[in-house]
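Reminder, nothing fancy here: chain letters follow the sequence lines and each chain counts from 1.
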2 protein chains.
Amino acid sequence: MARRTGRRPGKPDTREAILDAARTAFAERGFDAASIRAIAATAGVDPALVHHYFGSKDQLFLAAMNAPVNPGELIPRIVAGDRDGIGERLVRLFLGVWDSPAGTAGVALLRSAMSNEWTARLLREFLVTQVLRRVLDHLDVDPAELPLRGSLVASQLIGLAVMRHVVRLEPIASAPAETLVAVVAPTVQRYLTGDLPT
Amino acid sequence: MARRTGRRPGKPDTREAILDAARTAFAERGFDAASIRAIAATAGVDPALVHHYFGSKDQLFLAAMNAPVNPGELIPRIVAGDRDGIGERLVRLFLGVWDSPAGTAGVALLRSAMSNEWTARLLREFLVTQVLRRVLDHLDVDPAELPLRGSLVASQLIGLAVMRHVVRLEPIASAPAETLVAVVAPTVQRYLTGDLPT
DNA sequence: GTCTATATTCCGATAGAC
DNA sequence: GTCTATCGGAATATAGAC
């Protein structure tokens, strides 16, 4: 969470209560279906107060997505290490983040991106500039292959997240993270550093 | 995206026009956001007529999903053949269906399942009973491993479909199908018949 | 800073005329 | 079969009183 400089509006925790309720609502219903009224009710405030703080539903969504996780400090921990273990470390970190409270924002972004174009763009840019590029930059592979390798990794990891947290297909939905790490890591490792048939 | 089929001479099949408009609308906006009024407008009919034909929005969705593809006759074509080529044939069939006009219904179901619980259940049951079980029944592997193998296959294939047709992450979104078949087939083959680390 | 009241728009569904 | 008219409800957002 970024430090709060400058003006602190209202009671200190009212704003955080709204953001928390917003993340939960967006995660459970997606951007369009989540309503400011319901978010305000959960946070115990008036709907008009949400507008007062955040201006619009779009800005509320952005504010709710901003806090939870910072790839800039997580990714370096997985690219540092032996090259053959990068797939395993990436899958383990990925599942860990989604299983943590911070994962709520991920589910919210994922659900929203499915039926709302501007949140889909948000997800694309997050994946490309915050995750994939940071990982791929540290691999010594043909630069021409990087985009394909990156989107293949994304397809497997996002597919995993969708099945585990949105569609909830068993046994993936309830399996221990390490079980999934063991079986999926080889796939991600091959997409990252393996031979890609042309 | 006007998907107006022109009027048939002598037999204006308005019912099919409605179903076609419905599939497109559900594919582009998901179940909740797609409106009967907009579907009726696209089909060139009155909104009340849609209710007259289909009774409710739920039933309209079911009718729109029902037509397009029948796994019962497609799957046998991929389980018949050498065991080591099942992954490749499955990925090729999967991508082919999604790239065809029938894929519109798939995108509709996928988008809807992300923010609507009963369509999510529809997707789960379709995957399990219509696709995965038909494929896995013909493999000679430990029955206890079938659910995990099946959901792993689903996670990779659905992730691929999400990236190609919903989030539209490049280069997966525009790559030739055979390019993706070549790189993803080994993954699916391993999930189906390979050794799964315990 | 907080909330009441409201403007505006859109939704699914129904009743009933032709 | 097809459409006009409408009911009942929920949404975002704004204006303005305390």
Side-chain angles (χ1 to χ4, degrees), chain A residues 4 6-65 108 111-112 115-119, chain B residues 4-65 108 111-112 115-119 122:
Chain A
R4 284 205 286 248
R7 175 173 103 95
R8 304 171 76 149
K11 282 184 302 183
D13 47 355
T14 302
R15 190 186 168 93
E16 277 305 315
I18 293 173
L19 283 177
D20 206 46
R23 264 189 293 271
T24 304
F26 286 133
E28 287 175 349
R29 322 235 310 136
F31 179 81
D32 293 316
S35 80
I36 290 185
R37 296 160 115 92
I39 290 169
T42 300
V45 301
D46 190 274
L49 196 60
V50 179
H51 281 106
H52 179 71
Y53 278 145
F54 299 98
S56 73
K57 192 178 177 180
D58 289 10
Q59 290 173 278
L60 172 62
F61 185 82
L62 286 175
M65 293 302 102
R111 267 215 166 90
S112 301
S115 56
N116 188 285
E117 183 48 39
W118 80 265
T119 55
Chain B
R4 272 301 296 262
T5 45
R7 289 220 187 100
R8 316 301 203 270
K11 187 184 174 187
D13 199 345
T14 58
R15 190 188 164 94
E16 276 306 313
I18 292 172
L19 283 177
D20 207 45
R23 263 189 293 270
T24 305
F26 286 134
E28 287 176 350
R29 320 238 307 140
F31 179 82
D32 291 320
S35 77
I36 288 185
R37 295 161 118 93
I39 290 169
T42 300
V45 301
D46 192 274
L49 196 60
V50 179
H51 278 105
H52 182 258
Y53 277 140
F54 299 99
S56 74
K57 192 179 179 181
D58 290 9
Q59 292 173 276
L60 171 62
F61 185 82
L62 287 175
M65 294 301 103
R111 267 215 165 89
S112 301
S115 56
N116 187 285
E117 183 49 39
W118 80 265
T119 56
L122 216 63

Do [X] and [Y] come close enough that some side-chain heavy atom pair is under 4.5 Å?
X: B/Phe54; Y: B/Leu62; value: no
X: B/Asp32; Y: A/Ser115; value: no
X: A/Leu19; Y: A/Leu60; value: yes

Between the side chains of B/Tyr53 and B/Thr14, is a donor N or O closer than 3.5 angstrom to an acceptor N or O? yes
Atom pair distance, as rounded to whole Å: [atom1] in [X] and [atom2] in [N]:
X: B/Asp46; N: D/dT4; atom1: CG; atom2: P; value: 6 Å
X: A/Phe26; N: D/dA11; atom1: CZ; atom2: P; value: 13 Å
X: A/Ile18; N: C/dG1; atom1: CD1; atom2: P; value: 13 Å
X: B/Arg29; N: C/dC10; atom1: CZ; atom2: C1'; value: 11 Å
X: A/Ile39; N: D/dA10; atom1: CD1; atom2: P; value: 17 Å
X: A/Asp32; N: C/dC10; atom1: CG; atom2: P; value: 15 Å
X: A/Leu49; N: C/dC3; atom1: CG; atom2: P; value: 6 Å
X: B/Arg37; N: D/dC3; atom1: CZ; atom2: C1'; value: 14 Å

From the options C/dA15, D/dT14, D/dA13, select the nucleotide whose nearest atom is closest to the side chain of A/Ala48. D/dT14
Taking the minimum atom-to-atom distance to the side chain of B/Ser35, which one of C/dA15, D/dA11, C/dC11 wins? C/dC11
Terminal axes of the helix from C/dG1-D/dC18 to C/dC18-D/dG1 (five pairs each): angle between them, nearest 10 degrees: 0°
Using a strict heavy-atom distance below 4.0 Å, which residues from residues 51-60 of chain B are in contact with DNA chain C? B/His51, B/Ser56, B/Lys57
Any side-chain to backbone donor/acceptor pair from B/Ser112 onto B/Thr119? Under 3.5 Å, distance only. no
Distance, nearest 0.5 Å, that separates CZ of B/Arg15 from CG of B/Asp20: 13.5 Å
For C/dG1, does either OP1 or OP2 sit under 4.0 Å from a side-chain N or O belonging to A/Thr14? no
Using the six-membered ring wherever Trp is involved, compare the ring planes of B/Phe61 and B/Phe26 and label them parallel, tilted or perpendicular (cut-offs 30° and 60°). perpendicular
Could you go through B/Val45 and B/Ile18, starting from their C-alpha distance and side-chain angles, then the distance that decides it, and tell me whether this counts as side chain to side chain contact (heavy atoms under 4.5 Å, CB included)? CA-CA 8 Å; B/Val45 301; B/Ile18 292 172; 4.0 Å; yes
Nearest heavy-atom approach of B/Lys57 to B/Ala34 is NZ-O, 2.7 Å
Within the 4.0 Å heavy-atom criterion, would you say A/Ala38 contacts the bases, only the backbone, or no part of the nucleic acid? nothing
